[in-house]
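Here the structure is laid out as structure tokens; the discussion comes afterwards.
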Amino acid sequence: MLDIDFIVANPGAVKAAIEAKQVDLDLDALLALHEEVKVLVGEVEELRHERNVLSKQTGSASADERGDLIERSRAVGTRIKELETPLREKQETLQLLLLRVPNIPGADEPVGPDEESNVELRRVGDVPMFSFAARDHVDLLEMHDWADIGRAGKIAGSRSYALKGDLLLLEMALWRFALDFTQQRDFTLISMPAMAREAAFVGTGHFPHGQEDVYRLGEDDLYLSGTAEVGLNSLHSEEILSVADLPVRYAGFSPCFRREAGAAGRDVRGLLRVHQFFKVEQYVACAADKDESARWFDMLLANGEAIVSALELPYRVIRLSTGDMGAGKVRTWDIECWIPSQEQYRETHSVSEYYDWQARRTDLRYRDAEGKVRHMFTLNNTALATPRILVPLLENHQQADGTVRVPEALRAYVGGRETLSSPS
RNA sequence: GGAGGGGUGGCAGAGCGGACGAAUGCAACGGUCUUGAAAACCGUCGUGCGCGCAAGCGUACCGGGGGUUCGAAUCCCUCCCCCUCCGCCA
């Protein structure tokens, strides 16, 4: 959500953002409604004042004055009620419109309608050149009995999986690796509820758009989060933190659920795009300062790069275009790891910067050095998500005999083993 | 799932239909005193919205929403959260 005063003062910039982000929203209608609400609020408050004065007099009035005062006060009350209903409706409508106003994309980000306009920033690491017939990750899983995807599908449908044996241990090793990594960089480790109320999803900006990609637990008015960000972002809602408490830094661990409603038929093979996964998510809420926010963005990105580098995965960094980055974001850069079987890079990390867009929706505030209450700036990035990361990990580190080399940084987490192979 | 008890300012805790945006204590902040600190004393000390250069004024908020009333922190309804006991359970 943008500051309404900012919208009023900069309608041109907001309209440009609406276009760049491809949002369906009539800003002029929003501004007109805002004006209407303002006038109506003024009228209602004036009437309330009148009623308050009369009521106050009633309390200390003599018996013969009382009747008259009550009568006049009652008349004012009736007029208030007549205005309150339409006012409430207009305020609710305005609020819904405000929730749909996108953030202003950063001036340096590529402008374009979709991923075609994304810009590659850099490539790091050498793509492996196999001297043998390389297997894709599903073949490797089957070869070593590391997963049962077929039977998992019988239980829960497509995009389900069941990791087995050493691969389950490897998955857990990756979680532990990511938790240690983030903790060493002063993130507070925290597990997050996988389910949350609607308000939390509105807070991050996942709602009101994007409802179709979220599992709904209708009986209980809860939804399954697709990322720990949903919970993390609401952790300090409705509080006013001290500037000394900032930045707030969490590494949130949680199971994640996505319906993948918009991806029908895409990436159905294997572990790349599944309904249920696990993620360690980096989350930062810092003071309302664009330079500081930019520094945290760099840091979150650097952490992501350090993690894939430690896993010895070739990757690239891309800047998402305005049409691809999501309504709430100032900018989003992705880290994509090389998938040999697909001969392309695929997203494993996504860094996002919001300024105060999420904080206004979530009511995340702090008192600055001058004592002024301000909204925080929020950012997030993946630290590590499994099982997706297993895809590049297995495929890039496979050897001619089908065994998989364990990258140095991970060995401490798998009992010192240098390779993974079939159970004997 | 059943029975009961609670949610008031940063914290503790009064208030239970009008003079209550809310006593009191603690914490915090500013000041006096002091070589410095502590103590003591004086003062300040919630948020949103509207108007205003500002001081300030108005309005709303005592878990959320709705209602009764001339008037609600106080009464009613409903939802949420916390606590205790019973049941079930990893």
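Residue numbering restarts at 1 for every chain, and letters A, B, ... go by the order of the sequence lines. Below, all heavy atoms of this structure are taken into account, side chains as well, without hydrogens, waters or symmetry copies.
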Across all strands shown, which nucleotide pairs with [N] by Watson-Crick or G-U wobble geometry, both distances under 3.5 Å?
N: B/U84; value: B/A3
N: B/G46; value: B/C61
N: B/A40; value: B/U32
N: B/U68; value: none

Is it true that atom [atom1] of [X] has more than 12 heavy atoms of other residues, nucleotides or ligands lying nearer than 6.0 Å?
X: A/Glu43; atom1: CD; value: yes
X: A/Met299; atom1: CE; value: yes
X: A/Met143; atom1: CE; value: yes
X: A/Lys56; atom1: NZ; value: no

Exercise for the section: Could you go through the ring-ring contact (aromatic ring centres under 6.0 Å, His included) check for A/Trp357 and A/Phe377 one step at a time? Expected result: CA-CA 8 Å; A/Trp357 194 85; A/Phe377 281 14; over 10 Å; no
Handout entry: Nearest-0.5 Å distance that lies between atom CD in A/Glu36 and atom NZ in A/Lys38
Key =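 That separation rounds to 13.5 Å.
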Practice task
Specify the closest pair of heavy atoms between A/Leu420 and A/Val406, including all atoms of both residues, with the distance to one decimal.
Solution key: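 A/Leu420 and A/Val406 have their closest heavy atoms at CG-CG2, 3.8 Å.
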Quick check for you: among [options], whose closest atom lies nearest to any side-chain atom of [X]?
X: A/Arg365; options: B/C80, B/U68, B/G48; answer: B/G48
X: A/Lys56; options: B/A60, B/G21, B/U68; answer: B/G21
X: A/Arg197; options: B/C80, B/G66, B/G48; answer: B/C80
X: A/Lys81; options: B/U59, B/G71, B/U68; answer: B/U68

Problem - 5′-ward residue of the pair A/His34/A/Asn52 relative to RNA chain B - result: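 On the 5' side of the pair lies A/His34.
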Practice task
Indicate, with yes or no, if the rings of A/Trp338 and A/Tyr315 have centres closer together than 6.0 Å.
Solution key: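 No, too far apart.
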Exercise for the section: May I ask you to check whether A/Phe207 and A/Tyr223 place their ring centres under 6.0 Å from each other? Expected result: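 Ring-ring flag for A/Tyr223/A/Phe207: true, centres closer than 6.0 Å.
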Handout entry: Donor-acceptor pair under 3.5 Å, A/Arg66 side chain vs B/G18 base
Key =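 Counting by modelled atom types and ignoring angles, a donor-acceptor contact under 3.5 Å is found here.
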Handout entry: Whole angstrom value for the distance that separates P of B/G30 from CD of A/Glu370
Key =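 Going from CD in A/Glu370 over to P in B/G30 covers 14 Å.
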Exercise for the section: For RNA chain B, find the residues of residues 40-51 of chain A with a heavy-atom distance under 4.0 Å and give them by number; none if there aren't any. Expected result: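 By residue number: A/Glu45, A/Arg48, A/His49, A/Arg51.
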Practice task
Scan residues 234-241 of chain A against RNA chain B and write down, sorted by residue number, each residue with any heavy atom closer than 4.0 Å; if none is found, say none.
Solution key: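 Within this stretch, A/Ile240 sit under 4.0 Å of the strand.
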